[in-house]
Amino acid sequence: MTLKQIKSQKTVSILLMALFCLTTLQLSAAAKRKKVAAEPVRVACVGNSITYGTGIADREHFSYPVQLQQMLGNGYVVGNFGKPGATLLYKGHRPYVEQPEFKEALRFKGDIAVIHLGINDTDPRNWPNYRDEFVKDYLSIMDSLRAANPKVRFILARMTPIADPHPRFQSGTKQWHDEIQTSIETVARVSGAELIDFHEPLYPYPNLLPDAIHPNPEGAGILAKTVYGGITGNYGGLSMSSLYTDYMVLQRDVPLDIHGTANTGEKITVEIGGQKAKATADNQGKWSVVLSPMQAAEDLTLTITAGKQRKVFSHVAVGEVWLCSGQSNMAFMLCQAESGKEDIAAAHDPQLRLFDMKGRWETYDVAWPASCLDSLNHLQYFHETTWQPSTPASASRFSAVGYYYGRMLRQKLGVPIGLICNAVGGAPTEAWVDRNSLETSFTNILRSWLQNDFIHDWVRGRAAKNLTNDQTKLGRHPYEPCYLYESGILPLQRYPIKGVIWYQGESNAHNKDAHAKLFSLLVDGWRQNWNNPDMPFYFVQLSSLNRPSWPWFRDSQLRIMKEISNTGMAVSSDCGDSLDVHPRCKQPIGERLARWALAKTYGQDITPSGPVFSSVTRQADALIVSFLYADGLQTSDGKAPSCFEIAEEDGLFHPATATIEGNTVRLTSPTLKHPRYVRYAWQPFTRANLINADHLPASTFRGEVRTN
């Protein structure tokens with residue numbers, strides 16, 4: 001063998017040896033990577049009885065950590081370290097750090113620690129005494145878990161709700177629960193831990209908390225889904241409120257909050273009318289951008305992009321958006337109105353846009369099919385719908401009052417008008433009030449709602465016939481307190497609106513005092529939901545009907561208007577029907593509501609209302625009644641003013657002789673020398689005739705001469 005051949009063979013050997021070593025290293029690295037990849041992520045679920053699964057008959061299969069394991073799959077190992085009754089507080093009655101479950105959690109050395117503690121700290125043995133130590137103790141628990149695994153990722157959960165039937169709810173538990181939530185948020189903020197929310201997704205579903213504190217399997221599934229999103233960042237991709245469709249109307253002249261959900265970290269771009277705004281979805285999947293105010297416009301395109309996903313909405317208008325809500329007289333359709341046939345034929349207006357939220361099932365007193373009950377449990381009472389331009393077809397089944405309101409705004413403002421209607425026949429006021437307001441200010445109305453004294457008998461009867469016995473116990477009916485707020489207002493997700501028109505009260509007219517409190521809570525709650533403390537709220541006073549309580553109720557509504565800022569009341573007594581709670585004369589009602597908006601919201605020179613009682617004074621044996629909006633005071637039939645009564649100190653009323661004197665009315669009675677009280681249109685069904693120059697009727701009222 002020559003020297004050249006020897007060198008050549010040696011070179012080949014060296015090359016083969018190098019290749020072998022390289023291959024060995026690559027295989028070793030691949031095996032190492034495979035081993036690392038095969039090692040599952042450990043998720044430690046630290047908590048109390050809710051994590052443990054108390055109240056779930058088959059907790060081994062349906063506690064939230066078990067359901068979380070099923071969602072995450074084989075790449076994760078989920079450990080359930082829940083301890084019933086455990087407190088976060090070290091000095092609490094059962095400190096979690098002293099329990100064997102905590103020691104097991106430390107040995108588990110979780111890569112991710114999901115902590116849900118604090119519920120049992122609401123016990124009067126705990127929070128009142130040791131609240132100042134909560135943040136310190138929480139951070140200490142985190143330090144212990146970090147010592148077991150220095151790379152642990154913390155996900156802290158805002159606490160699940162405690163529902164009003166809980167025995168300690170009114171004695172401090174609710175208030176302490178709120179305070180502990182704030183402390184948990186503080187812990188997340190100072191520690192840099194991620195925060196997820198166990199409260200918000202369960203709060204509208206008290207039926208998923210059978211004992212008012214422990215979720216059933218379905219409720220545990222909601223918690224598992226929440227944790228899954230927090231761990232993986234997967235929230236199902238780009239999603240927005242159902243109000244975002246083609247032909248939508250956006251509110252003009254205000255900053256526009258456009259928001260939705262997407263997968264964590266996804267970059268969001270929103271474009272419309274030359275504006276472009278960007279956002280990033282947070283660890284709860286939420287994103288929001290604020291666009292600069294826009295002037296009235298037509299035929300725009302709104303584009304939202306999230307990674308490879310894109311939503312494009314065409315024929316978007318910018319104008320005035322109003323919510324039309326209440327019960328059956330707002331739901332009453334244009335095709336049912338006495339002037340409907342003529343107006344439907346002329347209803348072509350592409351810049352009057354309608355978003356009509358109809359209920360999936362009627363609320364009259366017939367038994368519902370079993371198929372509807374699941375939808376009610378899931379707050380899915382309203383059909384999905386889209387924005388539609390006004391046409392004879394779309395306007396025909398839309399609210400008559402809403403249509404006439406929107407038509408008048410279109411005529412006077414000359415900009416696109418968007419109307420959202422979600423009225424429900426028979427719905428009581430409490431069904432539209434947010435849960436926190438009732439829990440804070442009117443808890444009794446939440447409890448055993450079908451049996452309590454606040455519910456009108458016919459409302460109770462309707463609900464009882466609609467529901468099965470089991471459902472009656474759970475109370476999942478559109479008339480249930482809070483239900484329509486949660487199914488019909490929350491899904492609107494603060495979609496920017498100008499204001500609200502409201503026609504409701506028939507289901508609460510038996511108890512004017514409860515209604516006055518509820519209505520105030522409703523208005524405040526809706527204004528908070530839209531983050532607009534001065535949001536206009538214009539409502540209809542009940543019409544004339546042969547129901548004895550209605551004069552008092554109508555007077556209460558008048559007083560409410562004077563007490564709640566930025567409200568207005570449209571009188572409807574002259575459009576009533578003595579035998580029908582659904583009078584067909586709806587055009588004047590919608591237009592009277594529009595007058596309030598045009599005068600107070602849009603500053604137009606238009607009389608908003610008929611004569612509104614202001615004060616009464618005594619002159620000798622006569623009472624002099626003064627009014628607001630009384631220019632051109634007159635009567636509708638050209639006769640003397642009717643339906644006035646006056647009384648002395650005994651409160652026994654007598655018919656009064658009424659004379660119009662300028663913008664006042666003078667009242668006398670031959671049998672009364674010292675009259676003190678006055679009332680007007682004080683009959684359930686009335687044909688009272690006092691109007692002003694715009695032919696707008698005066699409201700029912702009751703007043704008295706003030707004495708020093």
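We number each residue from 1, following the sequence as shown. Below, each value reflects all heavy atoms present in this structure, side chains not excepted, and no hydrogens, waters or symmetry copies. What you see is a predicted model, and the numbers here were worked out from it, not measured in a lab.
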**Q** Is any side-chain heavy atom of I445 closer than 4.5 Å to one of L518?
**A**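 Sidechains of I445 and L518: in contact.
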**Q** If you measure from CG on L598 to CD1 on I606, what distance do you get to the nearest 0.5 Å?
**A**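 Atom-to-atom, L598:CG and I606:CD1 are 5.0 Å apart.
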**Q** What is the minimum heavy-atom distance between V616 and V705, and which atoms define it?
**A**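 So the two residues come closest at CG1-N, 3.7 Å.
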**Q** Is the number of heavy atoms from other residues, nucleotides or ligands within 6.0 Å of NE2 (H674) greater than 12?
**A**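 No - once you tally the heavy atoms of other residues, nucleotides and ligands closer than 6.0 Å, there are 12 at most.
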**Q** Given 3.5 Å as the limit, does a donor-acceptor pair link the side chain of S390 with the main chain of A395, or not?
**A**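 Judged by distance alone, no pair lies under 3.5 Å.
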**Q** Quick one: which of F442, F539, F553 gives a ring pair (Phe, Tyr, Trp, His ring centres under 6.0 Å) with F519?
**A**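 The residue from F442, F539, F553 that satisfies ring pair (Phe, Tyr, Trp, His ring centres under 6.0 Å) with F519 turns out to be F539.
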**Q** May I ask you to test the N692-F627 pair for a side-chain heavy-atom distance under 4.5 Å?
**A**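 N692 vs F627: side chains apart.
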**Q** With side chains defined as the heavy atoms from C-beta onward, is the minimum distance between I497 and I420 less than 4.5 Å?
**A**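 Touching, per the 4.5 Å side-chain cut-off.
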**Q** Under the criterion side-chain contact (heavy atoms from CB on, under 4.5 Å), I'd like the reasoning laid out for N546 against F685: C-alpha separation, chi angles, the key distance, then a yes or no.
**A** CA-CA 5 Å; N546 282 329; F685 178 79; 3.4 Å; yes
**Q** For the backbone of T607 and the side chain of R595, can you confirm whether one donor and one acceptor N or O come within less than 3.5 Å of each other?
**A**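 Side chain of R595 to backbone of T607, a donor-acceptor pair under 3.5 Å: yes, one is there.
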**Q** When you compare the side chains of Y538 and T601, does any donor N or O come within less than 3.5 Å of an acceptor on the partner?
**A**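 There is such a pair between these side chains.
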**Q** Quick check against the 3.5 Å criterion: does E342 have a side-chain atom that pairs as donor or acceptor with the backbone of S339?
**A**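 Between the backbone of S339 and the side chain of E342 there is no qualifying donor-acceptor contact (under 3.5 Å).
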**Q** Is the Lys NZ or Arg CZ of K586 less than 6.0 Å from the centre of F332's six-membered ring, within 45° of the axis?
**A**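 Judged by the rule (NZ or CZ under 6.0 Å from the ring centre, within 45° of its axis), K586 counts as positioned above F332.
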**Q** Counting N and O atoms only, with roles assigned by atom type, does the side chain of S328 sit under 3.5 Å from a partner on the main chain of G425, one being a donor and the other an acceptor?
**A**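 No, because the side chain of S328 does not come within donor-acceptor range (under 3.5 Å) of the backbone of G425.
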**Q** Looking at side-chain heavy atoms only, is the closest gap between L438 and C482 below 4.5 Å?
**A**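 Yes, close enough: below the 4.5 Å cut-off.
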**Q** Counting distance only, does the side-chain N/O of H510 pair as donor-acceptor with the main-chain N or O of F454 below 3.5 Å?
**A**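 Checked: pair present.
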**Q** If only side-chain N and O atoms count, and only distance matters, is there a donor-acceptor pair under 3.5 Å linking D343 with Y404?
**A**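 Distance-only check passes for Y404 and D343.
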**Q** Are the charged groups of R397 and D356 less than 4.0 angstrom apart, N to O?
**A**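 No, R397 and D356 are not salt-bridged.
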**Q** Looking only at atom types and distance, does a side-chain atom of E506 sit under 3.5 Å from a main-chain N or O of L542, one as donor and one as acceptor?
**A**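 Pair absent, no side-chain N/O of E506 close to backbone of L542.
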**Q** Looking at every non-hydrogen atom in both residues, tell me the closest pair between Y405 and L419 and how far apart they are.
**A**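 Reported closest heavy-atom pair: CD2-CD2, 4.3 Å.
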**Q** For N436 and K174, does a side-chain donor sit closer than 3.5 Å to a side-chain acceptor?
**A**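 There is such a pair (donor and acceptor under 3.5 Å, judged by atom type) between the side chains of N436 and K174.
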**Q** Test side-chain contact (heavy atoms from CB on, under 4.5 Å) on V401 and C324; report intermediate values, then the result.
**A** CA-CA 9 Å; V401 169; C324 315; over 6 Å; no
**Q** Between R353 (side chain) and P416 (backbone), is there a donor-acceptor pair under 3.5 Å?
**A**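 No; judged by distance alone, with no hydrogens or angles, the pair does not exist.
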**Q** Show the nearest heavy-atom pair for residues E486 and P204, with the distance to one decimal.
**A**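 It is OE1-O, 3.3 Å.
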**Q** Do the ring planes of W449 and H477 sit parallel (below 30°), tilted (30 to 60°) or perpendicular (above 60°)?
**A**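 Judged by the thresholds at 30° and 60°, the geometry between W449 and H477 is tilted.
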**Q** Test of understanding: with side-chain contact (heavy atoms from CB on, under 4.5 Å), list the residues that count as partners of A688, not counting sequence neighbours.
**A**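 Checked A688 against side-chain contact (heavy atoms from CB on, under 4.5 Å); matches are C643, Y680, A681, T686.
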**Q** Taking side chain as C-beta onward, heavy atoms only, is L672 less than 4.5 Å from D621?
**A**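 Sidechains of D621 and L672: no contact.
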**Q** Do R435 and Y203 have a side chain donor and acceptor closer than 3.5 Å?
**A**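 Their side chains do not contain a donor-acceptor pair, so the 3.5 Å distance test is not met.
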**Q** Between W387 and L243, is there a donor-acceptor pair closer than 3.5 Å when you use the side chain of the first and the backbone of the second?
**A**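 At least one qualifying donor-acceptor pair exists.
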**Q** Quick one: CG on D164 to CD on E439, what's the gap to the nearest 0.5 Å?
**A**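 Spacing of CG (D164) from CD (E439) equals 6.0 Å.
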**Q** Nearest heavy-atom pair of G576 and S543: which atoms, and what distance?
**A**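 Nearest pair, atom of G576 first, then S543: CA-CB, 3.8 Å.
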**Q** Mind checking whether Q336 and R584 have side chains closer than 4.5 Å, heavy atoms only?
**A**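 Counting from C-beta outward, Q336 and R584 never come under 4.5 Å.
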**Q** Tell me if the CG atom of N531 is crowded by more than 12 foreign heavy atoms within 6.0 Å.
**A**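 Counting other residues, nucleotides and ligands, CG of N531 stays at 12 neighbours or fewer.
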**Q** How many angstroms lie between NE2 in H515 and OG1 in T429, if you round to the nearest 0.5 Å?
**A**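 Atom-to-atom, H515:NE2 and T429:OG1 are 4.0 Å apart.
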**Q** Establish, from distance only, whether the side-chain atoms of Q541 and S573 form a donor-acceptor pair under 3.5 Å.
**A**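 There is no such pair between these side chains.
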**Q** Under 30°, 30 to 60°, or over 60°: which ring-plane class applies to F644 and F701, parallel, tilted or perpendicular?
**A**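 F644 vs F701 ring planes: perpendicular.
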**Q** Using the rule given for side-chain contact (heavy atoms from CB on, under 4.5 Å), can you reason through S609 versus W596, listing the C-alpha separation, both sets of side-chain angles and the distance that settles it, and then say yes or no?
**A** CA-CA 7 Å; S609 172; W596 277 108; 3.4 Å; yes
**Q** Looking only at heavy atoms, which two atoms of N452 and N444 are closest? And how far apart?
**A**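 Smallest interatomic distance, heavy atoms only, reads ND2-O, 3.7 Å.
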**Q** With a 6.0 Å cut-off (strictly less than), is the heavy-atom count around CG of D453, excluding the residue itself, greater than 12?
**A**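 Not buried by this count: 12 neighbours or fewer within 6.0 Å.
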**Q** Would you say N689 and D637 are linked by a side-chain donor-acceptor pair, where the criterion is simply a distance under 3.5 Å?
**A**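 Note: D637 and N689 side chains meet the donor-acceptor criterion.
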**Q** Check L623 against P675 and note the closest heavy-atom contact, atom names and distance.
**A**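 Closest pair (atom of L623, atom of P675, distance): CD2-O, 3.5 Å.
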**Q** Working to the nearest 0.5 Å, report the span between CG of N508 and NE2 of H456.
**A**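 Reported value, rounded in 0.5 Å steps: 9.0 Å.
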**Q** Can a side-chain donor-acceptor contact be found between Q327 and S507 if the only test is distance below 3.5 angstrom?
**A**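 Distance-only check passes for S507 and Q327.
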**Q** Judged by atom type as modelled, is there a donor-acceptor pair below 3.5 Å linking the side chain of Y479 to the main-chain atoms of T363?
**A**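 Judged by distance alone, yes, a pair lies under 3.5 Å.
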**Q** Just so I know, are the side chains of V540 and N329 near enough to count as touching, which here means a heavy-atom distance under 4.5 Å?
**A**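 The answer is no; the side chains never approach within 4.5 Å.
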**Q** Any chance you could measure F537, atom CZ, to I501, atom CD1, to the nearest 0.5 Å?
**A**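 Result: 10.0 Å between the selected atoms.
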**Q** Any heavy-atom pair between the side chains of K673 and E648 that's under 4.5 Å?
**A**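 They are in contact (side-chain heavy atoms under 4.5 Å apart), so the answer is yes.
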**Q** Is the number of heavy atoms from other residues, nucleotides or ligands within 6.0 Å of NZ (K358) greater than 12?
**A**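 Yes.
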**Q** Any chance you could measure I489, atom CD1, to S325, atom OG, to the nearest 0.5 Å?
**A**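 So the gap between those two atoms works out to 5.0 Å.
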**Q** For E704, enumerate each residue passing the side-chain contact (heavy atoms from CB on, under 4.5 Å) test, keeping only those at least two apart in sequence or located in another chain.
**A**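 Listed in chain order: R676, Y677, R706.
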**Q** Using modelled atom types only, decide if a donor and an acceptor are shared between the side chain of R527 and the backbone of D534 within a distance under 3.5 Å.
**A**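 Such a contact is absent between R527 side chain and D534 backbone.
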**Q** Sequence neighbours left out, what pairs pass side-chain hydrogen bond (donor to acceptor under 3.5 Å, both in side chains) with at least one residue falling in residues 554-563?
**A**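 Counting only pairs at least two positions apart or across chains, the side-chain hydrogen bond (donor to acceptor under 3.5 Å, both in side chains) contacts touching residues 554-563 are R554-T700, D555-R559.
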**Q** Please determine if R679 forms a cation-pi arrangement with F653, meaning its NZ or CZ atom is less than 6.0 Å from the six-membered ring centre and no more than 45° off the ring axis.
**A**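 Positive - R679 is close enough to the ring of F653 and near enough to its axis.
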**Q** Could you give me the CA-CA distance, side-chain angles and deciding distance for Q251 and Y495, then say whether side-chain contact (heavy atoms from CB on, under 4.5 Å) is met?
**A** CA-CA 9 Å; Q251 179 59 46; Y495 185 91; over 6 Å; no
